[in-house]
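Take a look at the structure below.
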2 protein chains.
Amino acid sequence: MPLRETKKAAVRQALIAAANGRFHRHGFEQTTIDEICADAGVSRRTFFRYFENKEALAFPHRTDRLERFLALLDGADQSANPVDGLRAICQTFAHEYSVNRVAILAQQRLVDSVPALVAREHEIDRDWETAMATTFRRRFGRGAAAERRARLMAGAAIGVIRATMRYWYEKDGKPDLARLGQEALDGLEQGFLS
Amino acid sequence: MPLRETKKAAVRQALIAAANGRFHRHGFEQTTIDEICADAGVSRRTFFRYFENKEALAFPHRTDRLERFLALLDGADQSANPVDGLRAICQTFAHEYSVNRVAILAQQRLVDSVPALVAREHEIDRDWETAMATTFRRRFGRGAAAERRARLMAGAAIGVIRATMRYWYEKDGKPDLARLGQEALDGLEQGFLS
DNA sequence: CCAAAACTGGCACTCAGTGGCACTTTAAGG
DNA sequence: CCTTAAAGTGCCACTGAGTGCCAGTTTTGG
């Protein structure tokens, strides 16, 4: 890796690490960007060249995760129906979340304690929704009705996923996330006609 | 109405009106709170006694709408199944939105042009989701499974509703919102098994 | 080794939002 | 009415996020 890249990666990591420490020790709002910069040995001005804002520090894997999700969506393109694709992806993420359970839970506690972070999380969900809508759209073909169906389905999908995650977080990550996920996707598939 | 109440209502309206004008003329971010205060003839400090933040000005009906929704949810409590309740409520709101179409569209254009406002909108959706989850929960009875089902359903519901609204906005409010809503709720009820 | 490009730091600035306190207005009882 | 407590307002000073600008440094590629 070229030197420049290396340094940038290092600075980025330093900022993330510094932020993580402070956020978890003193809380998000109690931490100023100046403090993070001081810890990371970087100027304030430079900070904003690495992160759009303070919130972004709380979601360092945002782009990674989205890209992985997109890749998985593409990969699941030839499954029998869209939901089956999601089921597979769900297994993957469920496993990953279970493995990193402690860190992820801590992260989520942080997010849930700060409205601004909750808002950012919704923004992320929106990205995922759009990604799914695009994928589903390819399946459903042309026409306004297909478009609507794809978007409805994506909306419902992110809705059940988020609800599932919240439940899992609330139960301290104890339940089997893969199972919860399948239950959620059953709902998506079968609907909620009681 | 006691004088004090009257005055407070007047100030609130003045602030909303001032903000609306500026927001639509110059945009949300280009408008400072000071300018709004000047227009409304009120001090900055007072502004923050009426609104939590600048964003709140863009959703003056937030609490009204939520309360109406809660009331309607309560009212629809004895419909055959939860989705039928939603169908009725959907008709009501669809009608209202169609009537105030122009204003609502303008408002939405504003919201969509500012990330911070989009974020607030998600926050509002979250309130609605919680409201629905609580209602559904009453239907589904006790137990963790019922709880999960209620939450999944609420998540899916808000998901399809939001997707529908976005579609409607995107089409400049031309489509029949009531029909779109029913289509969305069909999806919620029947699922998306293709 | 050199020039262009990329990156950094520091400064000054705007604006959102908060705490504190003195001052004015309203409500309510005698 | 008149008084007094409560509610509401204005002003001031302050913190902290985020931005524009420009001068100085580091890396890259030839």
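This is a predicted model, so every value here is computed, not measured. Just so we're on the same page: letters track the sequence lines, and every chain starts at 1.
A salt bridge is defined here as a Lys NZ or Arg NE, NH1 or NH2 lying under 4.0 Å from an Asp or Glu carboxylate O, and A:E123 with A:R62 meets this definition. With respect to the salt-bridge test (charged N to carboxylate O, under 4.0 angstrom), the residues B:E129 and B:R162 do not qualify. In summary, A:D186 and B:R149 do not engage in a salt bridge, as defined by a charged side-chain N under 4.0 Å from a carboxylate O. Electrostatic pairing of A:E121 and B:R126 does not count as a salt bridge here, judged by no charged N lying under 4.0 Å from a carboxylate O.
The nearest whole Å value for the distance from the CZ atom in B:R44 to the C1' atom in C:dG17 is 7 Å. Between A:F47 atom CZ and C:dG10 atom C1' the separation is 17 Å, expressed in whole Å. The interatomic distance linking A:H26 (NE2) with D:dG16 (C1') rounds to 17 Å, in whole Å. Rounded to an integer number of Å, the gap from B:E29 CD to D:dT19 P is 10 Å. Protein atom CD of A:Q30 is 12 Å distant from nucleotide atom C1' of D:dG16, rounded to whole Å. Between A:D34 atom CG and D:dT19 atom C1' the separation is 15 Å, expressed in whole Å. As a whole-Å value, the separation of B:N53 CG from D:dA17 C1' is 15 Å. Taking atom CD of residue A:E5 and atom C1' of nucleotide D:dT27, one finds them 11 Å apart after rounding to whole Å.
For the OP1/OP2 pair of D:dG10 and a distance below 4.0 Å, the side-chain nitrogens and oxygens of B:S43 include at least one atom meeting the criterion. Put simply, B:Y50 has no side-chain N or O that comes within less than 4.0 Å of OP1 or OP2 on D:dG8. Contact between the side-chain N/O atoms of B:K7 and the OP1/OP2 oxygens of D:dG8 is not found at any separation under 4.0 Å.
Nucleotides of DNA chain C nearest to A:R49 and B:T32 differ in position, and the one nearer the 5' end is that of A:R49. Toward the 5′ end of DNA chain C lies the nearest nucleotide of B:K54, the other residue of the pair B:R4 and B:K54 mapping further downstream.
No donor-acceptor pair under 3.5 Å is formed between the side chain of A:R139 and the backbone N or O of A:A150.
Among the atoms of the strands shown, none is found under 4.0 Å from any heavy atom of A:T6.
For B:R45 against C:dG19, a side-chain N or O and a base N or O form a donor-acceptor pair under 3.5 Å.
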